[in-house]
There are 2 protein chains.
Amino acid sequence: MLETAENYDASKYERPSVTADVVILTLREQDLQVLLIKRARWPYDGSWAIPGGFVEKDESLRQAALRELREETGVTDVYLEQLYTFGDPGRDPRTRVITVAYLAVTSADQIDPRAGSDAAEARWWSMYALPPSLAFDHDQILDYALTRLRYKLEYTAVGFQLLPKEFTLPELQAAYEIILGEMLDKGNFRKKLARANVVEPTGQYRQTAGRPAELYRYRQDAVAETRARRLFP
Amino acid sequence: MLETAENYDASKYERPSVTADVVILTLREQDLQVLLIKRARWPYDGSWAIPGGFVEKDESLRQAALRELREETGVTDVYLEQLYTFGDPGRDPRTRVITVAYLAVTSADQIDPRAGSDAAEARWWSMYALPPSLAFDHDQILDYALTRLRYKLEYTAVGFQLLPKEFTLPELQAAYEIILGEMLDKGNFRKKLARANVVEPTGQYRQTAGRPAELYRYRQDAVAETRARRLFP
DNA sequence: CCCGAATAGTGTGATATGTACACCAAGGAT
DNA sequence: ATCCTTGGTGTACATATCACACTATTCGGG
């Protein structure tokens, strides 16, 4: 019998469960922080985990991620990209579960964390001081997310998603230093920024303990991404 | 009742079918080519598609990809990385199918294409002259693969996976030009290569229609990847 | 007023990298 | 010998990176 949409038997092949998990990163308290939820139910009840949930029948993977994001933060208008898909056979004690991990990047003033239906509570954690034992393989997912963000800093304007609409250059530099985990030379940072032509001054200043700092904003006409000019590692 | 491994009901949530598809890229006939199979059965019977298959119960996604790779090429010892996961609801007429796409990069002298159990035939196609209508959303997957390969050329040594163990510098340059789809200056190319310190001369030469060309090989102690020194796009 | 502290902002020199173009080297054929 | 084909090298200019030094602006205290 020829297969058609009417008589196709999907159970002929293994069908795992599929979740979309969202690593939500932001800058808060001079720190790069991720939103984690405390799981309320087995498996890993009481453990901290990346928010996520099963992909529904008629939604794309991205839509699933956005749904989870809205459930955990109340917003969806943030930078979101697919990270990686984790699918080792034993990663979830319930059954075979494949997780499509996403990375959301946002500024702290944009979101209001709340615990979704499957979580006891939600909390911000420093990416540099995570809970001792995360659920599932979520430590690997977080590691992957940080690596991806650092990598993306080099070529794209993603870093600006972590900042409010207006920021000073020392604030921008501090953000980069926090994410990269290293100190940057102020003069060189400013020079690279000027050369990139992705920010413009607002004309306003912010009071500081010393000299007032000029406020900048991300340029709407800035290039979002660039290509390198190298050919080898 | 508390959930445990014994009484967990996986059917509580939607369970899509999951496939691992492998984009196998190589350099043949002065061309960047991809191995495609002609589908033997519905859906898209008679259409060319990326080799792939359903992920089995006790294998990881990577193992599934390697199994498919071995089935289509006879080898598994090639460069393989996960590309992206495609999961739009209507992408497969059979049922809900999520595809974890992988990229395999290999030299042409390493593999022997054969049609797996679900294909009428296997054939190399130029990435620059693909069949008019590919199955599923495989045109998008191929597009993604080419973009990834080009991107990886800049920072990693992946390009060398496409070449035989020994190669001349004009051959290496031609490979880069084919992949990038642009001409490169020979002197500048050689200078960048020398600076990268990733190849070493073998001491042997290859006869050409003109001056003999020195043979090189990829250095085993070469760095596999590098970080840029940029901070903005 | 001056000074020091705190913070913001700028300049210089050495080195590395990118780009375009010109030229030299080594073989084969005539 | 010359010409063609292919391989290999050098130069000048522009741009980018890095380390370090220095200037600018506010505030508070003596």
Side-chain angles (χ1 to χ4, degrees), chain A residues 30 150 153-156 163-164 166-178 180-217 223 225-233, chain B residues 30 150-151 153-156 159 163-164 166-178 180-217 223 225-233:
Chain A
Q30 301 300 310
R150 284 176 172 163
L153 274 199
E154 292 168 358
Y155 297 100
T156 75
L163 292 161
E166 296 183 345
F167 47 86
T168 68
L169 295 193
E171 285 166 359
L172 179 63
Q173 178 174 344
Y176 269 72
E177 285 168 346
I178 290 163
L180 294 172
E182 63 188 72
M183 302 304 287
L184 302 169
D185 179 90
K186 182 172 36 171
N188 293 330
F189 182 85
R190 284 167 166 265
K191 246 178 296 184
K192 290 188 180 188
L193 181 63
R195 196 186 298 130
N197 201 29
V198 290
V199 299
E200 64 196 355
T202 65
Q204 315 232 184
Y205 287 76
R206 174 171 289 150
Q207 202 83 324
T208 75
R211 178 175 166 165
E214 188 159 20
L215 281 165
Y216 286 77
R217 66 182 153 240
V223 294
E225 187 167 320
T226 196
R227 290 286 301 277
R229 294 174 299 177
R230 351 177 12 108
L231 293 172
F232 307 105
Chain B
Q30 301 300 311
R150 284 176 172 163
Y151 200 68
L153 274 199
E154 292 168 357
Y155 298 100
T156 75
L163 291 163
E166 295 182 346
F167 47 85
T168 67
L169 295 194
E171 284 165 358
L172 180 62
Q173 176 173 348
Y176 269 73
E177 285 169 345
I178 291 163
L180 294 172
E182 64 187 73
M183 303 304 287
L184 302 168
D185 180 89
K186 181 172 38 170
N188 294 331
F189 182 84
R190 283 166 169 265
K191 244 178 298 184
K192 289 189 181 190
L193 182 62
R195 196 187 296 136
N197 202 29
V198 290
V199 298
E200 64 197 355
T202 66
Q204 316 232 183
Y205 288 76
R206 174 170 290 149
Q207 203 81 324
T208 74
R211 176 173 167 167
E214 189 158 21
L215 281 165
Y216 286 76
R217 65 182 153 239
V223 295
E225 187 168 319
T226 194
R227 288 288 298 280
R229 297 177 298 179
R230 352 179 9 107
L231 293 172
F232 307 105

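Residue numbers start from 1 in every chain, and the chains themselves are labelled A, B, ... in the order their sequence lines are given, proteins ahead of strands.
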Checklist outcome for this item: When rounded to whole Å, the CZ to C1' distance for the pair A/Phe189 and C/dA8 reads 14 Å
Checklist outcome for this item: From the candidates C/dG11, C/dG9, C/dA6, the one with an atom nearest any side-chain atom of A/Ala209 is C/dA6
Checklist outcome for this item: DNA chain C nearest-nucleotide lookup for B/Pro212 and B/Arg229: closer to the 5′ end is B/Arg229
Next on the checklist: For a quick test of reading the model: is some side-chain N or O of A/Gln173 closer than 4.0 Å to OP1 or OP2 of C/dA8?
Outcome noted: no
Checklist entry - Between the base of D/dT23 and the side chain of A/Lys186, is there any donor-acceptor pair under 3.5 Å? => result no
Item to check | Rounded distance in Å - CZ (B/Arg206) to C1' (C/dG28) | outcome: 19 Å
Checklist entry - Do side-chain atoms of B/Glu177 reach the backbone of B/Leu184 as a donor and acceptor pair under 3.5 angstrom? => result yes
Checklist entry - Which of these nucleotides, D/dT17, D/dG8, D/dA24, is closest to any side-chain atom of A/Arg195? => result D/dT17
Item to check | Side chain A/Arg150, main chain A/Leu153, donor-acceptor under 3.5 Å | outcome: no
Item to check | Whole-Å gap separating C1' (D/dT26) and CD (A/Gln207) | outcome: 8 Å
Next on the checklist: From CG of A/Asn188 over to P of C/dA16, roughly how many Å is that when rounded to an integer?
Outcome noted: 16 Å
Next on the checklist: Ignoring hydrogens and geometry beyond distance, is the side chain of A/Lys192 in donor-acceptor contact with the base of D/dT15 at under 3.5 Å?
Outcome noted: no
Item to check | A/Arg190, nearest nucleotide to its side chain (from D/dA12, D/dC20, C/dT10) | outcome: C/dT10
Checklist entry - Which whole-number value in Å describes the distance from B/Lys191 NZ to D/dT15 C1'? => result 14 Å
Checklist outcome for this item: Rounded to whole Å, CG of A/Leu231 lies from C1' of C/dT19 at a distance of 12 Å
Checklist entry - How many Å lie between CG on A/Asp185 and C1' on C/dA8, as a whole number? => result 14 Å
Next on the checklist: Looking at B/Arg206 and B/Glu171, is there a salt bridge between them, counting it only when a charged N and a carboxylate O are closer than 4.0 Å?
Outcome noted: yes
Checklist entry - Closest to the B/Thr208 side chain: D/dT5, C/dG18, D/dG7? => result D/dG7
Checklist outcome for this item: Whichever of B/Glu171 and A/Gly210 has the more 5' nearest nucleotide on DNA chain D, that residue is B/Glu171
Checklist outcome for this item: note: A/Leu193, atom CG; C/dG9, atom P; distance rounded to Å ~ 11 Å
Checklist entry - Between C/dT7, D/dG8, D/dT11, which nucleotide has the shortest distance from any of its atoms to the side chain of A/Arg211? => result C/dT7
Checklist entry - Within the distance-only criterion (no hydrogens, no angle test), does the side chain of A/Tyr216 pair as donor or acceptor with the backbone N or O of A/Thr202 below 3.5 angstrom? => result no
Side-chain donor-acceptor pairs under 3.5 Å in residues 191-200 of chain A, sequence neighbours left out?
from: A/Lys192; atom 1: NZ; to: B/Arg229; atom 2: O; distance (Å): 2.4
from: A/Asn197; atom 1: OD1; to: A/Arg219; atom 2: NH1; distance (Å): 2.9
from: A/Glu200; atom 1: OE2; to: A/Arg217; atom 2: NE; distance (Å): 3.1

